[in-house]
Each structure stands twice: as C-alpha cells, then as structure tokens.
Amino acid sequence: MTTETERSRVERYDPATIEPRWQKAWDELGLYRTDLSDASRPKYYLLTMYPYPSGDIHIGHWYIKTPTDAIARFHRMHGENVFYPIGFDAFGLPAENAAIKNGINPRDWTMSNIDNMRRQLRMMGATFDWDAEVVTADPAYYRWNQWFFLQFLKAGLAYRQTSPVDWCPNDGTLAREQVEGVDRHCWRCGAKVEKRDLAQWYLKVTKYADELLDFTGLDWPEPIKTMQTNWIGRSEGGEIVFTTAPSDHHAGGAELRVFTTRPDTLVGATFMVLAPEHPLVAELTAPDRRADVEAYVAQAADRTEIDRLSTDREKTGVAIGGDAVNPINGERIPIFVADYVLGGYGTGAIMAVPAHDDRDYAFATAHGLPIRRVVAAPGDEERDLADGAYVAHAAGERLVNSGPYSGLPADEGGAAIVGALEAEGKGRSAVTYRLRDWLISRQRYWGTPIPVIYCDRDGIVPVPEEDLPVRLPDTVDYRGSGENPLTRDEAFLNVTCPTCGEPARRETDTMDTFIDSSWYWYRYLSPENAGGPIQREVVDRWTPVNQYTGGSEHAVMHLLYAREFTKMMRDIGLIEQDEPFRRLFNQGQILGLDGERMSKSRGNVVDPDDLVARYGADTIRLFLMFMGPWDQGGPWSPTGIGGVHRFLNRLWTIALDPHGREPGDPESGSLPSGVDEADARLRIRQAAHRTLKAVTADYEAFHFNTMIARLMELANVLMRFRGSPVAGSEEWDEAVRLALLMLAPAAPHITEELWSRRLAAAGVPWSSIHRESWPAVDESAVAEATREVPVQVNGKVRDRIVVPSDISGTDLERAALASEKVQALLAGRAPLKVIQAGGGRLVNIVVREA
RNA sequence: GCCGAAGUGGCGGAAUGGCAGACGCGGCGGUCUCAAACACCGCUGAGGGCAACCUCGUAUGGGUUCGAAUCCCAUCUUCGGCACCA
C-alpha cells in the first residue's frame, strides 16, 4: 500500500480523471467547431462513414473513427481548416424488427440509441463537429430525399416499371447488389431471395456506366476500383438480329435480337436460347410445346429453389417448337427456353455456339444438338471437340467452316461479319453492362416515403414540392408482423389528387436507405438549411471530400451509389463536381475473438466502455492503431494492451519526473559507459528529430502502427537517460516537447494534460496542445558524424565498420577491404568487384568462391 | 470456376532490391519488496560451438541479381469479392 507512494514522487497517470476533464474543456471552448466560412486557411474535409444507430458503439467503431480523428488533428496542426462531422444513418430494418418485437415505435428505439451512441462517441475524445450532426430519419433531412426524387422524375432519371424483382421476405424488394451469394440471400438479414413481378421505382444509374468506369483523379484503393469495374461489367460485342422462321402457328419475320461478345462465331450458332422471362416466349411457342414450355417457365420463376438443390448446375431447358433464321447465311436453327440465359442481361436471348462456349456446349451435349467448329488455331482444325468447347484465344486463330469468312483471322472475321450485317440493318457493334438500374422501392415503414400519388384519372402524380415532406405517421401499428403498416394506415393512404382534386391513394413504398447515405456529406455542410438540400457556395468550397474512411464492405453498394448520386445531382444542376470522394481509405475490420464479424446476435461484441474504464480512451486509441496496419484489421485480442498502457505511463514519468531513478535498474542515474554528457545530449536530440521525421511520414501514410513504435523507441531512449546528469537538460526538454506534439493527434488527453503542466511549470498561460503547430525537423540534428557500415562478402554480412559520415567512396572501399574479417575471408584472393549500395550505406565485396 | 489481397519467431507485426525479425505481447532470468502485485533492467528465430564465431532460416520449388522477405515463373494455403453476364 505504501511502497507505491514512496517510490513515485509524482502522482500517477489516471486517465479516469484526466479524460473527462479535457473533453469537457474542449467542448466548452468549441475547439472543434469548424468555421466553414473561414477561407484564410486551406480546407480539409475529412469524412468517416456515419454509423447505423444499432444501440452501442463497439470496438469496431473505434477502429474506424479514432485513427480518423488522429488524421483530423494532424491536419489541424498543419494549419488546415478541418471539418470532421458525424451523424447517424437512422432509417432501416433493425429499428423495425426491434419495434415489432417490443411493440414500440421505431423512432423511439432509434432516437434513444442515438442518445446512447452520442455519449459513447464523446468518450473517444474525437474532434467531431457536433453542430453539423445529421440524423437521416429527421423529416428535415428526408424531405430532401423526396425533393431529389421529384427532380429526378422531372429529369427522366427516375421511372416506374413492372418487372421481376428480387424479393426478400423480410426486407421486401432489394436492389441487385443487395443480393449476395450463390444461394441468393439478402445482404442484411440473410433470408433467401425470391423473384416477384412488381411495379417498382428505379433510378436510371445505368446512364452513368461508362462514366463510373473512369476513376481519373480519384485516389482510391485498387481493389475497390477493380470491384466496381467488375460490377459495372462492360462487355463489347455485337447485337445481331435473327428473325423467326414461319411455321404452322406463327407467321415468322419477328425480330429476335441477341447480344454476343463473339460475332466471329456467328456461323457456328446451331440453336438459340431465350430467357424464361423473354417477352416473345409465349407468342413463339408451338401449340404442342405449350404445356412443356409453360411448366418450365413457371419452374424457372422459382429457380432459386432449384439452384440450391442442384450442385452441378445442370443445363436445363425445353424447345419451343419454332426456329430462328441466321442473318448471315439464312440457316434455320431451333429455339429453346433455358434458365441459363438471364432475362435482365443483354437482350435476354443468345445465339448458342456450342463449339466455342462452355455453357452452350453443356446444353448441346445434354440435348443432342449439333456442334460446329468455326474458329481454330493453326494446325488445330481437325481436332474434335469431344472434351469441351474451344474457348481459348490462341495466336493466329482463324475462322473455318464460315463460308466467305473462312480463313480470316478471328477478330477481323468478327468485325467483317458485324460490318456486313450492319449494312443490311441486321446487326451493329454494341456494348452491354452488367450494371442494372437502381431499384429503390422498399415495402417498409421506416424509410423515406416516396412522394407520389396514384389517381384513377391522372395516373402517377408527383407530390407538389410545397407539400413536402410527406411525413411518416407518428403512430404505427405493426400488428406483430413486418408487413408494411402504411398499406393499412387510412389517414396516410387517402389523399386528394393534386391535379384533379378527386380522392386518390398515396404510394406506400419507402426508399432504399442507401439513398440517405448517398448525399449526407453534402448535408453536413448546412444541416439546418430549409431552402434546399444543400447550400451551393459552401458545397462548392468544401467538396469533394478530401479524405473518406470506412470499410470496404460497401465497395459496390454505398461507394457506388454515392458516385451515381453525385452525378445525378450534377445533372439536375445542383453541383458541378463529378465525384464525391477524392481520396478513399478502407480500414480493415475488427473481428470477434472467434474470428467472426462482430454482431450482437453472435454475442462476440467487444464493449469499449469497459476498456475505457480500465485503461482510458488514449490507451484504447493507441492500442487499436498499434495492432497492425490500419487497412488490415483482424481478430480482436486484448493481449498487448498493457504494453501500450505502460508506454503512456513511461511518457508520464519522463515528462513529470525526469530526475527520478529506477531502483530496479543498477545503471539508473548514470550515463552509459563510454558516453559523456555532450554525447548523451547529442543522442537525445538526434533521437527526437529522427523520430519526428519518421513519425511525420508515418502519419501522412496512415502507418499508425510504426508511428507509435517509433515514439516508443524515443521513450525508451529517454528512459535510459532518466535520472542521469542530462535528464532535464535543454535537449531532454525539447525531446519531451516534441514527443508530446507528435503523440497529440493519437493520444489527445494525456498529451493535453502533460502539456498544460509544462506550461504551468514554466509560468506560461494555458493554451491547448491541439492548437499548436506541427514541429519542424532540424536536419542538422539528424545528421551524425560517424556511421556504421555493414560489409558483405559475396552478399553475406561479415563485419561492420565505423566510418566518418562524409567518407569518400574510395576511402570506404579501402576501409572495408582493410577489415580483418574480410581479409581472413579473402585469404589472399583479389576481389572481383566491390559494390557500394545506397550511397555508401553498405559495401559488398565479390570474390570467386573457393 | 473467375477477379483481388496476402503467407515472415510462440503471438500481433517491422523491413518493398542492400544488416531479416524494429516496436509490442508472451516466456526466462534479475532488481526493488518481509512477501506478492506494480514498476524497472537483461536475455529471448532454429541448430552447433568453451568461445571468437559458424550453419540454416521470410509457405514450397525454380529463376534473375554482386546481393531477394522484397522482382519473375510455377505450385500450395488462407482471406475478401463475383456467381451461368453470352
């Protein structure tokens, strides 16, 4: 009990008292309130993905947000006007599930979670500008979602269409990218997704497909750009117009368009396949085939079921009893319906070339259809295709069995075929994308109501802008099920038509919540603005965002929607920029102890409150940054947190008790042997400035783990000299000052506390360390008089020699050769070559092996 | 299957063509203490040697180079993304 106080002459480091005190002080000073109108300094808009208010901030939120906060503070110390806002992605399904379960309103659940999370976010000691906070479930926010929708409708960027949509039994309709996996499950709840025919609202994002492929000027991680590129899936090829052949039941001559990336293989088409959803299926089916075809189409509508059961993905399909005519040679080929052709891609119909496509090959084999080779590599013309399709693109391959096109190189032949067809209006070169328009309708209560009215006389009538917002009703009766309660809320449903004044019905679908997150960073800049979604001058000055941080799990969702929405905002004349986020960084993900994603349902969530109570926020912040590279993440393990805590304790000791000694260290209080006071001072100064140089570079590159390692090294150097004659010297004092400044962005509380004590000790009035400027490196302090050079013989280090720093190349070579160890290894042989690497940082002596 | 990222001590990791294992955890030994905890100091890749030192070593096999964890080729493994996209 008493020994501790006997040993320390200064009070202990106690984050529990320090941290809340400084958080309160910063808050009262308004230290992190950004003056958006201050143009005297360069602006820096730092954005971190806003959280969903699930109830608790967990360690994963800290992992995203505290290093981002360090970035904010680092930039402030460089004189930039930093804007680092926070808000809540407040609409969404979990609130509804909780509400149904507990018989409450999703709003109450969401808002009380937000209150709790605000408190927890403050515990990070982060520099969020709370004045800019945005809560998307607030009518003052979502009214602008509705306003955007109306503008998009006017501009032809929003449309309603009935088509087969992906339907989740819990979430209702889903956008294409919200369906995941081979088994096609919902990205949020994991339920199996079905197909349904529904009239739904879409945003015409495919318009931007090509533009979205262009990442010029964006500093984004390569994997994200690759994923988006693959997702957009641009394919170049040709659209070829087949016609239907006349038959007993059909007059013929109807156009059947197919898209192909291989027009060179046109003559090899031996049958055609329509998707089950293809509009001409019913019309073209022969009477005697009708029963089979209808059965197959019905089965295909439920095809996810079949997909799950069949592991080998057999190519199924049925003939419709009609033929198509190949426009290049007039050949008749049979038409099939098969679900391996997708309704939503290309034209929903293909020409099947079994000789040169694996899927067509499998189908042809299963159904006994002819396989005709039309492309061959030199010398390969006679090889049969018993083992599978020939799909390779070998050098020198040419067309064969292709009439007048035989003998042409494949690529030229393809171009010639498209050219010939184009002249007759039977084909053209074409580009197809995998990207679909964004389906935004959701059959949920807790979202932004889509502002349209359905009138028997006037059809679809947009809600007039002056009537916005269309508010969600305050009371909601779920009757214990997730079925959209708006559909039976008479007060909400029944309206008069804005055009004719007759009774009409409101749209009950709400918008995909990804709409909310597609423009929130613009709203941060004027969250109270009632005159429009954004304030043009502020947006022009502050966006694009300089740096965005968040997880990569939204690579083809939020991060793609945000780009699309920005382009739509541009096209309705609201902004001029093309891209929202100039620089993107994806931090890794912290997994639970079990190596799985942290989630409440798994029960593997790590609660930072407990950790903060035990170690303080600064330790947790540093520990998360020290764990490893920020973009890597990894399973949570509290092992090692003590090491970071010890480092802060050492810093405390160094700063407040430089003259104390360690009874546990017999050397404590004396200089290392062979080191005089002048040497020691020089070493301290050198260590401090070298650290500063490295730490600055590490912050810039977001290498927080090595940044902290370097500060630990500096602390270790100072610890070695603690209690010695140089402790408390001018150089020591400078080193402590630099250490505090360097650590301030990462550990803001302890550095502020120690800084305030330094100022008090010096009799200087207090001012925050977080208003200090980033220190400058003194290059002369980094330089050294002598350096150690490793000497290699045949690439293996054999000796280390100490030479003057400014030694000439010739002298260095002489010194290296003079080494006794080198001489012994040379054994009288003359070196073949002497190499000096990195401007004399290393010498390698090459000698013939004995 | 296709696309992407990555494999380094007991563990997290550092070094991206030039001293492998910085920094930290864990472990071992010690100082302090009546004792324990805390704190501090030292050692800590493997093998060999009394020692100075030597040999091996960055998933595996090959290659380029005076020199490779780093570059190239092949293979294996792990993680992430996509899912019949014509």
Side-chain angles (χ1 to χ4, degrees), chain A residues 3-4 6-8 12 177 179-184 221-227 229-231 233 235 237 258-262 265 273 307 313 315 338-342 344-347 349-353 356-360 362-363 432-434 552-553 555-556 588-589 595 623 626-629 631-632 634-635 637-644 646-647 649-650 653 661-668 703 705-713 716 719-720 722 788-800 821 831-838 841-847:
Chain A
T3 52
E4 193 173 332
E6 277 167 19
R7 183 179 307 158
S8 337
R12 277 174 40 216
E177 39 292 304
V179 180
E180 295 181 338
V182 200
D183 60 343
R184 303 181 52 75
E222 287 302 326
I224 299 287
K225 293 197 278 187
T226 306
M227 274 192 257
T229 302
N230 292 341
W231 187 260
S235 292
V258 302
F259 173 76
T260 178
T261 52
R262 297 289 305 277
T265 64
V273 184
D307 275 350
R313 289 195 226 157
K315 294 281 176 293
D339 66 6
Y340 81 91
V341 173
L342 307 174
Y345 180 77
T347 61
I350 62 159
M351 60 178 214
V353 184
H356 305 294
D357 182 278
D358 290 325
R359 295 150 303 182
D360 297 344
F363 190 88
T432 296
Y433 303 88
R434 224 185 75 120
S552 59
E553 65 272 18
V556 295
Q589 198 167 52
F623 177 61
F626 185 62
M627 275 173 51
D631 56 3
Q632 192 174 292
S637 163
T639 322
I641 203 165
V644 172
R646 264 191 289 283
F647 161 62
N649 270 302
R650 274 206 298 278
T653 305
R661 294 191 183 189
E662 291 305 326
D665 177 9
E667 309 281 320
S668 177
H703 292 165
N705 57 331
T706 50
M707 178 274 288
I708 292 164
R710 285 174 162 134
L711 284 167
M712 285 173 166
E713 283 181 281
N716 291 345
M719 204 64 186
R720 203 161 299 136
R722 180 167 171 252
E788 197 186 69
V789 176
V791 180
Q792 298 181 331
V793 176
N794 286 345
K796 278 185 183 145
V797 177
R798 298 300 185 174
D799 199 6
R800 292 177 175 84
K821 286 171 185 164
L832 292 176
K833 207 197 282 191
V834 177
I835 289 155
Q836 294 188 24
R841 270 200 346 273
L842 175 142
V843 178
N844 187 18
I845 296 161
V846 186
V847 67

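Values below: every heavy atom of this structure, side chains too, minus hydrogens, waters and symmetry copies. Proteins get letters first, then strands, A, B, ... in listed order; numbering begins at 1 in each.
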Considering only the C1' atoms, how many Å lie between G1(B) and C84(B), rounded to the nearest integer?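 These two C1' atoms come out 11 Å apart once rounded.
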
Run the side chain to side chain contact (heavy atoms under 4.5 Å, CB included) test against [X] and tell me which residues pass, sequence neighbours left out.
X	answer
Lys833(A)	Ile835(A), Val846(A)
Glu713(A)	Arg710(A)
Met351(A)	Ile240(A), Phe242(A), Val258(A), Thr260(A), Thr265(A), Leu266(A), Ala269(A), Val353(A)

Nearest to the [X] side chain among [options], which nucleotide is it?
X	options	value
Pro629(A)	C84(B), A14(B), A86(B)	A14(B)
Gln632(A)	C25(B), A86(B), G12(B)	G12(B)
Met719(A)	C41(B), C25(B), A86(B)	C41(B)

Taking side-chain hydrogen bond (donor to acceptor under 3.5 Å, both in side chains) as the definition, give me every residue that meets it alongside [X], ordered by chain and number, with sequence neighbours left out.
X	result
Asn230(A)	none
Arg650(A)	Asn716(A)
Thr706(A)	Asp698(A)

Mark yes or no for whether Asp799(A), through its side chain, and Val791(A), through its backbone, hold a donor-acceptor pair below 3.5 Å.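 No, Asp799(A) side chain to Val791(A) backbone: no donor-acceptor pair under 3.5 Å.
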
Only counting residues at least two apart or in another chain, list the ones meeting salt bridge (charged side-chain N to carboxylate O under 4.0 Å, His left out) with Arg262(A).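 In terms of salt bridge (charged side-chain N to carboxylate O under 4.0 Å, His left out), with neighbours along the sequence ignored, Arg262(A) is linked to Asp264(A).
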
By nearest nucleotide on RNA chain B, pick out whichever of Lys821(A) and Thr639(A) is the more 5' one.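 Per heavy-atom nearest nucleotide, the more 5' residue is Thr639(A).
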
For Asp360(A) and Ile350(A), what are the C-alpha separation, side-chain angles and deciding distance, and is it a side chain to side chain contact (heavy atoms under 4.5 Å, CB included)? CA-CA 10 Å; Asp360(A) 297 344; Ile350(A) 62 159; 3.4 Å; yes

When the distance from [atom1] of [X] to [atom2] of [N] is rounded to whole Å, what number comes out?
X	N	atom1	atom2	value
Asp358(A)	A83(B)	CG	C1'	15 Å
Asn649(A)	A39(B)	CG	C1'	9 Å
His703(A)	G13(B)	NE2	P	14 Å
Arg12(A)	A37(B)	CZ	C1'	12 Å
Lys833(A)	G67(B)	NZ	C1'	10 Å
Leu342(A)	A83(B)	CG	P	11 Å
Tyr433(A)	A86(B)	OH	P	13 Å
Phe647(A)	C40(B)	CZ	P	12 Å

Going by the rule ring-ring contact (aromatic ring centres under 6.0 Å, His included), which residues pair with Tyr340(A) if we only count those two or more places apart in sequence or in a different chain?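 Tyr340(A) satisfies ring-ring contact (aromatic ring centres under 6.0 Å, His included) with Phe363(A) only.
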
Nearest-0.5 Å distance that lies between atom CZ in Arg434(A) and atom OG in Ser235(A):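 Answer for the CZ-OG pair, Arg434(A) versus Ser235(A), is 10.0 Å.
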
Rounded to the nearest 0.5 Å, what separates atom CD in Glu222(A) from atom CE in Met227(A)?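 Reported to 0.5 Å precision, the distance equals 11.5 Å.
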
N-glycosidic conformation, G9(B) - syn within 90 degrees of 0, else anti: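 That one's syn.
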
For [X], which contact category applies under a 4.0 Å heavy-atom criterion: base, sugar-phosphate, or nothing?
X	answer
Val341(A)	base
Lys225(A)	nothing
Ser637(A)	nothing

I want to check one thing: is the phosphate of A86(B), taken as OP1 and OP2, less than 4.0 Å away from some side-chain N or O of Tyr345(A)?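 So the side-chain polar atoms of Tyr345(A) do come within 4.0 Å of the phosphate oxygens OP1 or OP2 of A86(B), strictly under.
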
Where protein sits on nucleotides 42-51 of chain B, one letter per nucleotide: B base, S sugar-phosphate only, - none, heavy atoms under 4.0 Å: ----------

Strictly under 4.0 angstrom, non-hydrogen atoms only: write out the protein contact profile of nucleotides 18-24 of chain B, one letter per nucleotide from the 5' end, B, S or -. BB--BBS

Please list, pair by pair, any protein nitrogen or oxygen found under 3.5 Å from a nitrogen or oxygen in nucleotides 77-82 of chain B.
| residue | atom | partner | partner atom | Å |
| --- | --- | --- | --- | --- |
| C82(B) | O2' | Arg434(A) | NH1 | 3.3 |

RNA chain B stem ranges, 3 or more consecutive Watson-Crick or G-U pairs under 3.5 angstrom: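 Ordered by first number, the stems with RNA chain B (at least 3 consecutive pairs each) read B:1-7 with B:76-82, B:10-12 with B:23-25, B:26-31 with B:39-44, B:45-48 with B:53-56, B:59-63 with B:71-75.
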
